[in-house]
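Computed over heavy atoms, backbone and side chain alike; hydrogens, waters and symmetry mates excluded. Protein chains get the first letters and strands the later ones, always in sequence-line order, with residue 1 at the start of each.
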Number of protein chains: 2
Amino acid sequence: MGIVRKTKSVKILHDEFEKSLAAISVTTLIERFSAQMNKTTIYRVLDKFEDDGYLHSFLGKNGHKWYAKCNGCSSSNHSDAHPHFQCSNCGKVDCLPADVVIPKIPNRIVDVSQVLLQGKCEQCYS
Amino acid sequence: MGIVRKTKSVKILHDEFEKSLAAISVTTLIERFSAQMNKTTIYRVLDKFEDDGYLHSFLGKNGHKWYAKCNGCSSSNHSDAHPHFQCSNCGKVDCLPADVVIPKIPNRIVDVSQVLLQGKCEQCYS
DNA sequence: TTTTGTTTTGCACTCCAGTTGCATTATTTT
DNA sequence: AAAATAATGCAACTGGAGTGCAAAACAAAA
Ligand SMILES: [Mn+2]
Ligand SMILES: [Mn+2]
Ligand SMILES: [Zn+2]
Ligand SMILES: [Zn+2]
């Protein structure tokens, strides 16, 4: 499974994620590339990028979908259990290299943890 | 601001949250009380309950809204910075009394943290 | 390079959580 | 009881996300 053909859409989206490490929301991509491709194509290409282990996805503060580059993932091995940070001032979203500290919960098994931090980013931090 | 009038809808929803400490999703409430009130009313009453510091809200794993009782909050003073736990087996969602451990991020100010843990709850933990 | 088989795309639709405007109804105040 | 105000129901709308299918693009074979 995964990307097979190097189409125009695939190249454009791939280039966009290579430009920077920041996460990008789906709605941003749809708006940004509305002249180049259909939103359905964007959803489908992102889906495949995730299958391939090239991108991972998560939900921002409104429950909307964001994508960011993986770090050493493959189609068979995803490990993206890191926190994400959304700046309340400029809206930028980043992956944080920090470890997630899972609190000890008696009689429960924790499999997945989603952590979204909000505040001021490096640029907006005065 | 907040709830002023004791209407039938307000009483029904209040009673529902008094029954148990577990969180309830908006869609569950809409389905459960479809015979008693309109979904718009449910959204509006929950909104006010949150304003009043009686309930707090958060997003579940699909980005859909959940509500749960606050613990000592008021309209002027909300402090609901605890993690939430969603059971992947039975779907139940709870507030966790544990503290959120915010990782140290250089040059960033963290104001809010959303933590959603997923796994097996007490009942589903074999 | 042309033909062939397969994948990808665009389009028009559907779905669903959540929201809004407005007329009607319920509650509170006088 | 009447007046003032707040809550409700309804229907329509919004916006993110997903689908089915015919047309277009691509890769590989001829
Ligand atoms: Mn990330
Ligand atoms: Mn909670
Ligand atoms: Zn910023
Ligand atoms: Zn469970």
Side-chain angles (χ1 to χ4, degrees), chain A residues 1-17 23-68 75 84 86 91 93 114 116, chain B residues 1-17 23-68 75 84 86 91 93 114 116:
Chain A
M1 195 148 282
I3 297 291
V4 191
R5 298 187 178 181
K6 299 292 166 56
T7 65
K8 203 181 71 180
S9 306
V10 166
K11 280 175 202 141
I12 291 172
L13 289 172
H14 186 272
D15 283 358
E16 193 68 14
F17 281 95
I24 315 178
S25 71
V26 177
T27 49
T28 299
L29 291 169
I30 289 174
E31 189 182 5
R32 189 170 295 165
F33 298 113
S34 62
Q36 284 90 329
M37 67 194 89
N38 190 271
K39 66 169 182 165
T40 311
T41 302
I42 294 179
Y43 279 110
R44 291 194 275 225
V45 171
L46 293 173
D47 246 27
K48 288 188 186 162
F49 279 167
E50 188 165 24
D51 277 350
D52 281 352
Y54 171 58
L55 299 181
H56 63 279
S57 68
F58 56 93
L59 302 182
K61 67 174 153 58
N62 305 306
H64 296 165
K65 214 167 185 183
W66 289 72
Y67 283 87
S75 58
H84 294 100
Q86 184 155 27
V93 175
Q114 291 175 30
L116 181 67
Chain B
M1 193 149 283
I3 297 291
V4 191
R5 300 184 178 184
K6 300 290 168 54
T7 65
K8 203 180 72 178
S9 306
V10 167
K11 281 174 203 145
I12 291 172
L13 289 172
H14 186 272
D15 283 357
E16 193 67 13
F17 280 95
I24 315 179
S25 72
V26 177
T27 48
T28 299
L29 290 169
I30 289 173
E31 190 181 4
R32 188 170 295 167
F33 298 114
S34 62
Q36 283 89 329
M37 68 194 88
N38 191 271
K39 66 169 182 168
T40 310
T41 303
I42 293 179
Y43 279 109
R44 291 194 274 225
V45 171
L46 293 173
D47 247 26
K48 288 190 187 162
F49 278 166
E50 188 164 24
D51 278 350
D52 280 352
Y54 172 58
L55 299 181
H56 62 279
S57 68
F58 56 94
L59 303 182
K61 67 173 153 56
N62 305 307
H64 295 167
K65 215 167 185 184
W66 289 71
Y67 282 89
S75 60
H84 293 101
Q86 184 155 26
V93 175
Q114 292 174 30
L116 180 67

What integer distance in Å separates [X]:[atom1] from [N]:[atom2]?
X	N	atom1	atom2	value
W66(B)	dA17(C)	CH2	P	13 Å
K8(A)	dT9(C)	NZ	P	10 Å
D47(B)	dT19(C)	CG	P	7 Å

Exercise for review: With sequence neighbours excluded, tell me which residues meet side chain to side chain donor-acceptor pair (under 3.5 Å) with Q36(B).
Suggested key: none
Practice item. State which residues pass side chain to side chain donor-acceptor pair (under 3.5 Å) with N38(B); sequence neighbours excluded, sorted by chain then number. Key: T40(B)
Exercise for review: Take Q86(A) and L116(A) through the test side-chain contact (heavy atoms from CB on, under 4.5 Å) and record every step on the way to the result.
Suggested key: CA-CA 7 Å; Q86(A) 184 155 27; L116(A) 181 67; 4.1 Å; yes
Between the protein and nucleotides 19-23 of chain D, list every N/O to N/O distance that falls short of 3.5 Å.
from	atom 1	to	atom 2	distance (Å)
dT19(D)	O4	T40(A)	OG1	3.4

Exercise for review: Classify the angle between the aromatic ring planes of Y67(A) and F17(A) as parallel (below 30°), tilted (30 to 60°) or perpendicular (above 60°).
Suggested key: perpendicular
Check your understanding: Which nucleotide, dT8(D), dT9(C), dG10(C), lies nearest any side-chain atom of V45(A)?
Key -> dT9(C)
Dump every N/O contact between nucleotides 15-17 of chain D and the protein below 3.5 Å, one line per pair.
from	atom 1	to	atom 2	distance (Å)
dA17(D)	OP1	K65(A)	N	3.0
dA17(D)	OP2	Y43(A)	OH	3.1
dA17(D)	O5'	Y43(A)	OH	3.4
dA17(D)	N7	K39(A)	NZ	3.4
dA17(D)	N6	K39(A)	NZ	3.2

Point to revise | For H14(A), ring-ring contact (aromatic ring centres under 6.0 Å, His included) partners two or more places apart | key: Y54(A)
Could you write out each protein N or O paired with an N or O of nucleotides 27-30 of chain D at a distance under 3.5 Å?
from	atom 1	to	atom 2	distance (Å)
dA27(D)	OP1	K6(A)	N	3.3

